Amino acid sequence: MAQTYSGPGVFKRIRDDYFSTRLNTVVTLGFAAFVIWVVWSLFGWGIQQAIWSPADKDHCGHGSGGACWAVIAARWRLIFFGLFPFEEQWRSGIACAAIVLTGGLSCVPWFWSARRLSALWIIGFAVFYCLMRGGFFGLTLVSEQNWGGLSLTIFIFASVTLIGMPLAIVFALLRQSRLPWIARTMGVVIDTIRSLPLLSILFTFAIVIPFVLPGWMIGDKLYRVIVGYALFFACYQAEIIRGGIQSLPAGQDEAAMALGMSYWNRISYIILPQAFRNALPATINQLVITFKETSLVVIIGFFEILASGNAAYGNAEWNFAHVEVYCFVGLIYFTFVFALSRYGAYLERRMAVVER
């Protein structure tokens, strides 16, 4: 068990780690002074001297010396909702809240079973899609070309995860197959896709695929990009799951076979639960990377949150406020990624307690 420092022990640890020699003391004090200066400068720029109201935007950049958060107050709708019709943006907001709520409910242990978790995400994603697209129950139809901002980023991430995770499990099991021709063929497919840059795969599915498919199979560009991204995600996640499977003692599978358990029962109740537990840190890391790399779709013409941020300051009125916009977009990314990483750390601690 790790030692817990309390009382005088804390000061002894700090002294031993940071003030044990003259050089350590100088470095510690110098770095502390630098951090204080940076924090104070950011506080002055971002809060104390900042311009908050669009009515005062004329003061931005004219001796104020602070951030111009007025651009966020004036253009936040564009950043969050993109090209979504103004009068229907409430639908986009509720749709995003539904996905966030679904993610929050996923953290509740009661939902930690394959059926409940799958049902939860299918329902949450269906609510999101129905609100975004409309066309029934009196909701105006809004085509995918008019989706954008944070809602499009969340849609792409959720779609890629929902499609890619089951596909990754299938790929991992196929590569673990005892039939050499299946395992080797799947290995070539996985290694080939993993060796390609994500941007090239997105570009291929968005631009090249329509030239080689019949018209009835082309579909909308957004869905082609999601399929390509999900395939890329599945290949990386399949290797993570395969690593988790290989970390298990072979005797567990052999013991289950001796008890007469079928292949799917062994996989469902013994192999995959432990494999996912062992591969949890890498899985969380892959989800974080997937969320951040949704910004790459801006290259092929989608108006996700980064493109919406560019449009927020991309006119003569706000073209000086690009730093503030990027800080705000970065804060949004940080919020989602930090929440995901903290939840992953919580799961690791919980799994460690259960294992003991």
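Computed from heavy atoms alone, side chains included, the values below leave out hydrogens, waters and symmetry copies. Predicted model, so just to flag it, every value in this text is computed and none were measured.
- Two residues are said to be in side-chain contact when any heavy atoms from C-beta on lie closer than 4.5 Å; Leu287 and Thr161 meet this criterion.
- In the hydrophobic clustering of this structure, Ile123 does not group with Tyr129; members are Ile, Leu, Val, Met, Phe, Trp, Tyr whose side-chain heavy atoms approach within less than 4.5 Å, directly or through other members.
- Minimum heavy-atom separation, Ile300 to Ala206: CD1-CB, 4.0 Å.
- In terms of hydrophobic clustering, with Ile, Leu, Val, Met, Phe, Trp and Tyr side chains grouped at heavy-atom distances under 4.5 Å, Trp121 and Val170 are assigned to a common cluster.
- In this structure, Leu199 and Phe203 have side chains that are not in contact, with every pair of non-hydrogen atoms separated by 4.5 Å or more.
- Using modelled atom types, one finds no donor on one side chain facing an acceptor on the other under 3.5 Å when comparing Ser295 with Glu304.
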**Message:** Please evaluate residues Gln176 and Gln246 with respect to the criterion side chain to side chain contact (heavy atoms under 4.5 Å, CB included), reporting the C-alpha separation (whole Å), side-chain torsions for both, the decisive distance (0.1 Å), and the verdict.
**Reply:** CA-CA 9 Å; Gln176 290 287 104; Gln246 290 179 335; 3.7 Å; yes

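- Neither Ile163 nor Ile122 shares a network with the other; the hydrophobic side chains, linked directly or stepwise wherever heavy atoms of I, L, V, M, F, W or Y lie under 4.5 Å apart, form separate groups for each.
- Between the CD atom of Gln286 and the CD atom of Glu293 there is a distance of 8.0 Å, given to the nearest 0.5 Å.
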**Message:** Set out, in order, the CA-CA distance, both residues' side-chain angles and the distance that settles salt bridge (charged side-chain N to carboxylate O under 4.0 Å, His left out) for Asp220 and Arg133, then state yes or no.
**Reply:** CA-CA 13 Å; Asp220 189 84; Arg133 184 166 177 81; over 6 Å; no

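- Among all heavy-atom pairs drawn from Ala238 and Ala168, the shortest one is CB-O, 3.5 Å.
- Dense packing is recorded around CH2 of Trp52, with more than 12 heavy atoms of other residues, nucleotides or ligands lying under 6.0 Å away.
- Tested against Ile332, the residues Leu306, Val337, Leu150, Thr153 include a single side-chain contact (heavy atoms from CB on, under 4.5 Å) partner, Leu150.
- Residues Phe171 and Leu231 form a side-chain contact, since some pair of their non-hydrogen atoms from C-beta on lies under 4.5 Å apart.
- At distances below 3.5 Å, not a single donor-acceptor pair connects side-chain atoms of Arg266 with backbone N or O atoms of Met257.
- In the hydrophobic cluster analysis, where Ile, Leu, Val, Met, Phe, Trp and Tyr join through side-chain heavy atoms closer than 4.5 angstrom, Ile169 is grouped together with Leu179.
- In this structure, Tyr313 has its ring center closer than 6.0 angstrom to the ring center of Tyr326.
- The shortest side-chain heavy-atom distance between Ile193 and Tyr236 does not fall under the 4.5 Å cut-off.
- Of the candidates Phe125, Tyr229, Phe303, Phe302, Phe155 forms a ring-ring contact (aromatic ring centres under 6.0 Å, His included) with just one, namely Phe125.
- Leu202 approaches Leu296 most closely through the heavy-atom pair CD1-CB, 4.2 Å.
- Taking the six-membered ring for Trp and the full ring otherwise, Trp69 and Trp45 have centroids separated by under 6.0 Å.
- A 4.5 Å side-chain heavy-atom check between Glu348 and Ile284 finds every atom pair outside the cut-off.
- Annotation: side chain of Trp76 is in contact with side chain of Phe81 (closest heavy-atom distance under 4.5 Å).
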**Check against side chain to side chain contact (heavy atoms under 4.5 Å, CB included), Phe19 and Leu29** = CA-CA 9 Å; Phe19 299 96; Leu29 294 178; 4.2 Å; yes

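- Residue Phe291 is tested with Phe157, Phe233, Phe338, Phe334 for a ring-ring contact (aromatic ring centres under 6.0 Å, His included); the sole match is Phe157.
- Side-chain contact between Gln274 and Ile270: present, with at least one pair of heavy atoms (C-beta onward) separated by less than 4.5 Å.
- Put simply, Met132 and Trp90 are part of two different groups of oily side chains (I, L, V, M, F, W, Y) that touch within less than 4.5 Å, one to the next.
- The heavy-atom pair separating Asn278 from Gly244 by the smallest distance is ND2-O, 3.8 Å.
- When all heavy atoms of Ile79 and Val325 are compared, the closest pair comes out as CD1-CG1, 4.4 Å.
- Taking 4.5 Å as the limit, every side-chain heavy atom of Ile94 sits out of range of all side-chain heavy atoms of Arg91.
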